[in-house]
Amino acid sequence: MKTYKYITDTVVAVIDEDGISRMSMLASAVPEGETILPADPIEEPVPQSIAFAQLVIGLVAEGWITQAEGEAWLVGTLPAAVEAVINSLPLNHQFIARARATRPSEVLRSDPLVSTLAAAQGKTPAQLDEFFRMYSLI
């Protein structure tokens, strides 16, 4: 039995019983009565960085920090949750983390501090990816 799945609006993949697609064809050529499955959703790539302002706007909008904490961070005062994570680091890493967190020009998705802060807030990597996707557009 073959399965048909849209690749584009007019082209379908022909998937064999083993789950492998070895050919494609025009959707109009699919035998009558066969069902064509919808295409897999295309996941938007995760931006690798966002601006500091985008980060703060997103954190306040999502309720990860309060507006007062966001406004204070904009002038250099770190939110308590950020300070707590930094203070949990080895002493020789705390100054570096504090300097990078205070007023970064950009925030890297790959930065271990970003992942640690998100995890401390109970956020999954997928939620963090979605955060970067959403707030990179602001």
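Here the structure is a predicted model, which means the values were calculated and not measured.
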State whether the side chain of Gln48 and the backbone N or O of Val46 hold a donor-acceptor pair below 3.5 Å, judged by distance alone. yes

Between the CG atom in Leu55 and the CD1 atom in Ile138, the distance rounded to the nearest 0.5 Å is 11.0 Å

Write down the atom of Ile7, the atom of Ser24, and the distance for their closest heavy-atom approach. CD1-CB, 4.0 Å

Quick one: CG on Asp40 to OH on Tyr6, what's the gap to the nearest 0.5 Å? 14.5 Å

May I ask you to decide if the ring planes of Trp64 and Phe131 are parallel, tilted or perpendicular, using 30° and 60° as cut-offs? parallel

With clusters defined by side-chain heavy atoms of hydrophobic residues (ILVMFWY) lying less than 4.5 Å apart, directly or transitively, does Trp73 cluster with Leu108? no

Are Lys123 and Glu130 within salt-bridge range, i.e. N to O under 4.0 Å? no

Flag side-chain contact, heavy atom, 4.5 Å: Glu43 against Arg133: yes

Does some side-chain heavy atom of Val82 sit less than 4.5 Å from a side-chain heavy atom of Leu117? yes

What is the distance from atom CE of Met134 to atom CD of Glu44, rounded to the nearest 0.5 Å? 12.5 Å

When rounded to the nearest 0.5 Å, the distance separating CZ of Arg22 from CD1 of Ile15 is 11.0 Å

Looking only at heavy atoms, which two atoms of Leu89 and Ala97 are closest? And how far apart? CD1-CB, 3.6 Å

Okay, side chain of Glu34, backbone of Pro31: is any donor-acceptor separation there less than 3.5 Å? no

Is Asn92 atom CG crowded by more than 12 heavy atoms from other residues, nucleotides or ligands, each under 6.0 Å away? yes

Do the non-hydrogen side-chain atoms of Val60 and Ile65 ever get within less than 4.5 Å of each other? yes

Distance check, rounded to the nearest 0.5 Å: Met1 atom CE versus Asp16 atom CG? 12.5 Å

Looking only at heavy atoms, which two atoms of Leu78 and Thr102 are closest? And how far apart? CD2-CA, 3.7 Å

How long is the span from the CD atom in Glu83 to the OG atom in Ser88, to the nearest 0.5 Å? 11.0 Å

